[in-house]
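Note that the structure is a prediction, hence the values are computed from the model and not measured.
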Amino acid sequence: MVANKKALVFVYDGMSLSEIALLTDFLTAFQSSEHSWKIDTVSSKNPRMIKTEDSFQIIPNKIFSEIDFMDYQVIIFSGIIDPYSIANDLDLINFIKPLANLTDRPLIAAISSAPMLLAKAEILKGVKFTSGLFEEALDEFDFFDKANIIRKPVVYDEKNNIVTAIGFAYREFAVKVAELLGFENAERRLAGVRTDRPYTDEELTFYKKPQ
């Protein structure tokens, strides 16, 4: 992998860290120091602290005026406990709207309820997608084209370079995004605890340097 690649993460009040943490961890802590990606977080026009759904507090390191979407290889949107609040954030909607028509734009990755934000910004026009939204929400707004919904945990629309996922598929979401970003063996590296046989003591004994 080429060093110094960058991911942009949108943060907003009530966002779910758990839905994107495995992906951002893979891009950073899972990589060697020289290949670790830079993660920028952005929230609004003005710097302010946001509170996640599990009460973590985050101060974004960027504001809208500092962002050039083409500086990034992937743009990540987590789900949110109250998607109506971000769908009604006109500053945020207007800021991301240019992504809809941006040529050779970065990979867009949105999980759980985040497709509501993309749909409101007209980024999902003609895009096959999935989401964790209630059917009532999908029926409520005319900016959703339900004919384009694919009932699968993770959906990648190759033509539009957009990955969407249901919230419970956060691992599969991380694997798919990592693969699309060029990482090899993402499925194996994010497989979790082995279940086919017990670990030996030697396998669970770690050293800073190979013995």
Phe26 ring center near Phe183 ring center (under 6.0 Å): yes
Enclosure of Asp104 CG (heavy-atom neighbours >12, cutoff 6.0 Å): no
Shortest non-hydrogen contact between Leu204 and Phe206, atoms and distance: O-CE1, 3.4 Å
Ile150, CD1 atom: more than 12 neighbouring heavy atoms under 6.0 Å: yes
Lys51 atom NZ, over 12 foreign heavy atoms within 6.0 Å: no
Crowding at OH, Tyr199 (>12 non-hydrogen neighbours, <6.0 Å): yes
Distance, nearest 0.5 Å, that separates CD1 of Ile108 from CG of Asn161: 7.5 Å
Flag side-chain contact, heavy atom, 4.5 Å: Thr205 against Glu202: no
Worked verdict on Ile80 versus Ser85 for side chain to side chain contact (heavy atoms under 4.5 Å, CB included): CA-CA 9 Å; Ile80 182 173; Ser85 63; 3.7 Å; yes
Atom pair CG (Asp13) and CD (Glu53), whose distance is rounded to the nearest 0.5 Å: 12.0 Å
Contact summary for Val177 and Ala109, nearest pair of heavy atoms: CG2-CB, 3.8 Å
Ring pair (Phe, Tyr, Trp, His ring centres under 6.0 Å) partners for Tyr170, two or more places apart: none
Closest contact, heavy atoms only, Ala119 versus Phe144: CB-CE2, 3.7 Å
Cluster check Ile86, Met15: I/L/V/M/F/W/Y, side chain < 4.5 angstrom: yes
Residue list, side chain to side chain contact (heavy atoms under 4.5 Å, CB included) with Thr103, at least two apart or on another chain: none
Salt bridge flag under 4.0 Å for residues Lys120 and Asp89: no
Student check: side-chain heavy atoms of Phe143 and Met116 closer than 4.5 Å: yes
For the student: nearest non-hydrogen atoms of Ala110 and Ala114, plus distance: CB-CB, 3.9 Å
Intermediate values then yes/no, salt bridge (charged side-chain N to carboxylate O under 4.0 Å, His left out), Asp157 and Lys159: CA-CA 6 Å; Asp157 187 304; Lys159 179 181 178 182; over 6 Å; no
Flag side-chain contact, heavy atom, 4.5 Å: Asp145 against Leu124: no
Leu8 reachable from Leu102 in the ILVMFWY side-chain graph, under 4.5 Å edges: yes
4.5 Å side-chain heavy-atom contact, Ser112 and Glu19: yes
Leu133 side chain near Pro83 side chain, heavy-atom distance below 4.5 Å: yes
Check: Lys5 and Val74 side chains under 4.5 Å, non-hydrogen atoms: no
Gap between atom CD1 of Ile166 and atom CZ of Phe173 - 0.5 Å precision: 12.5 Å
Flag side-chain contact, heavy atom, 4.5 Å: Phe10 against Leu92: yes
Euclidean distance, Ile58 CD1 relative to Leu17 CG, rounded to 0.5 Å: 4.5 Å
Cluster check Phe56, Leu22: I/L/V/M/F/W/Y, side chain < 4.5 angstrom: yes
Glu203, CD: over 12 other non-hydrogen atoms inside 6.0 angstrom: yes
Qualifying residue for side-chain contact (heavy atoms from CB on, under 4.5 Å) with Phe129, from Ile149, Ile123, Val163, Asn160: Ile149
Minimal non-hydrogen separation, Leu27 against Ala7, with atom names: CD1-CB, 4.1 Å
Main-chain N/O of Ser36 paired to Thr28 side chain as donor or acceptor, under 3.5 Å: no
Close side-chain approach of Ile50 to Tyr12, heavy-atom, < 4.5 Å: no
Spacing of CG belonging to Leu118 relative to CD1 belonging to Ile162, to within rounding of 0.5 Å: 6.5 Å
Minimum heavy-atom distance between Thr130 and Lys152, given as atom pair plus value: OG1-O, 2.9 Å
Set of residues satisfying salt bridge (Lys or Arg N to Asp or Glu O under 4.0 Å) with respect to Lys62, sequence neighbours excluded: none
Same apolar cluster: Met70 and Leu181, side chain cutoff 4.5 Å: yes
Phe134, CZ: over 12 other non-hydrogen atoms inside 6.0 angstrom: no
Tyr156-Glu179 side chain donor-acceptor pair, cut-off 3.5 Å: no
Nearest-0.5 Å distance, NZ of residue Lys176 to OG1 of residue Thr164: 11.5 Å
Phe69 six-ring centre to Arg105 NZ/CZ under 6.0 Å and within 45° of normal: no
Same cluster (ILVMFWY, side-chain, under 4.5 Å), Phe141 and Ile93: yes
Donor-acceptor under 3.5 Å (Asp25 side chain, Ala21 main chain): no
